[in-house]
Structures are given as C-alpha cells and as structure tokens.
Amino acid sequence: MDTADQDGPGNCERYLCWASAFLVVYSIDNRKSFEGCQRYLEVLALHARGCQRRCPVLLLGNKLDMEQYRQVPSAEGMSLASRFGCLFHEVSACQDFSRVQHVFHEAVREVRRQAEWNLPMRPLFISEERPCPPVATPVVLPTHHSLATCTFNTLSTVNYKEIPSVAQAKLVTVKSSRAQSKRKAPTLTLLKGFKIF
Ligand SMILES: Nc1nc2c(ncn2[C@@H]2O[C@H](COP(=O)(O)OP(=O)(O)OP(=O)(O)O)[C@@H](O)[C@H]2O)c(=O)[nH]1
C-alpha cells in the first residue's frame, strides 16, 4: 500500500482491512520520517491486537545511497523494529533493485508463512521408527496435505501412517497401574485418533 499520508496515519482502516502485509518506510536521511513511522507501527500494532489474522510488518529504512546525510542510525531502526516485532531492512530504492526485490519476496514469504500458521492445526501422520542397516540415504518425505517436502539423511526408516479419520476414532479407557492398586481407580478416557494439545 502507498498511504501517501503526509500528516501521519489517519483514516487507516481502509488499508488495514484488505492488506496482507505492511511495509513501513522512512528515509534514513530524515529523522522526521522515522518518527512518523513509529505512529504507523503503533496503529498497526493496535489493529493486530483486535484482529484474528496476523499480517507481517516490515520496517524499511530507504535512501541508503544517502549515507553521508544519514540522520537515523541503523541500530535505531533495528531497535524500533524489534520493539514492534517486525522485520527490518535498509535499502536504496534508486540504486539497489535486487535488495528491494528481496524485501518484497520476503514480505510475500512471510504472508504465506502466516497463512499456513493461521490454518487450523490438523495432525496428519503418526510415525513408527524402525531400525534399519546403517546406510545414510537421503529420504524425501511425501508432499502430502500440508506436509512440506524436506530431504535429510537418516539411519532408520520412518513409516508414516495417516491418523484415523473421525469415523475410525475410538474411545480408549486407560487405567494407570498406580491407580489400579487403589480401591477407587480413576480412569482416563482418551479419544484415540485425536491429538491432545
Ligand atoms: N536518493 C534517493 N532518493 C529516493 C529513493 N527513493 C525515493 N527517492 C526520492 O524520494 C522522493 C519521494 O519518493 P516517493 O516514492 O514519491 O516517496 P513517497 O513517500 O511514496 O511519497 P508520496 O508519493 O508523496 O507518497 C522522490 O524524489 C524520489 O526520487 C532512494 O532510494 N534514494
């Protein structure tokens, strides 16, 4: 979004509702613009508190090519970013396209990460480890549901079994041996197939 607001955040709701990420930009050679950013970050933090959806916020110090006129030290930018829990970069929009591109890519990656995080947690697999001959072979996990592909070396085979569906889930009653030794044995009933958090 480009708010083009000269006098700080006003009537921001129209952006806050539809934006997926926020890039808050100041000029490193202009302290006033840095101070203006703080007010935007406060508005975003306030909005995030009352909102289910998490949107990444990136604080950017622009005009890095104007180093000789710098008014805002990097450390101050970093500290402001960490205060508001956002990512921080210094860039030069006019001199370093790849750095700006990297920042935009990072913003998109963060949006995706947050979107995955916002998905309801669903346990998909249970694993059974079995020993196997010590041959370090790369194993590629199946790209199934939301499980990401990853490659690693392992000395054991891992069998992935899908968690039983709701229809297959059963009630299991567990009595601990300590509890059994007493007269009034308390029981713990688990719904097999459901992850307990
Ligand atoms: N030296 C330098 N100047 C830049 C850089 N990025 C933007 N500018 C200049 O800064 C001025 C403002 O740029 P804008 O892109 O219009 O900034 P803005 O904050 O979006 O301003 P509004 O359009 O009013 O919202 C212009 O004169 C740009 O040429 C940069 O990385 N280095």
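One-based numbering, in listed order, for ligands and for the atoms of each. Please read all numbers here as calculations on a predicted model, not as lab measurements.
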Worksheet item: If only atom types and distance count, is the side chain of S27 paired as donor or acceptor with the main-chain N or O of K63 below 3.5 Å?
Response: no
Per-atom filter on ligand 1: closer than 4.0 angstrom to a heavy atom of S92 are 31 (O)
Between L16 and H47 the two heavy atoms that sit nearest each other are O-NE2, 3.5 Å
Residue pairs meeting salt bridge (Lys or Arg N to Asp or Glu O under 4.0 Å), one or both in residues 89-103, sequence neighbours left out, come to R70-E90
query: Any nitrogen or oxygen of C94, main chain or side chain, under 3.5 Å from a nitrogen or oxygen of ligand 1?
result: yes
Taking every heavy atom of F88 against every heavy atom of A81, the minimum-distance pair comes out as CB-CB, 3.6 Å
At under 4.0 Å between heavy atoms, what of D65 touches ligand 1? The answer is side chain
By side chain to side chain contact (heavy atoms under 4.5 Å, CB included), V108 pairs with (sequence neighbours left out) R112
Please check whether A93 reaches ligand 1 - meaning an N/O of the residue sits under 3.5 Å from an N/O of the ligand, judged on distance alone.
yes
The answer for which part of M66 has a heavy atom under 4.0 Å from ligand 1 is side chain
The answer for which part of N62 has a heavy atom under 4.0 Å from ligand 1 is side chain
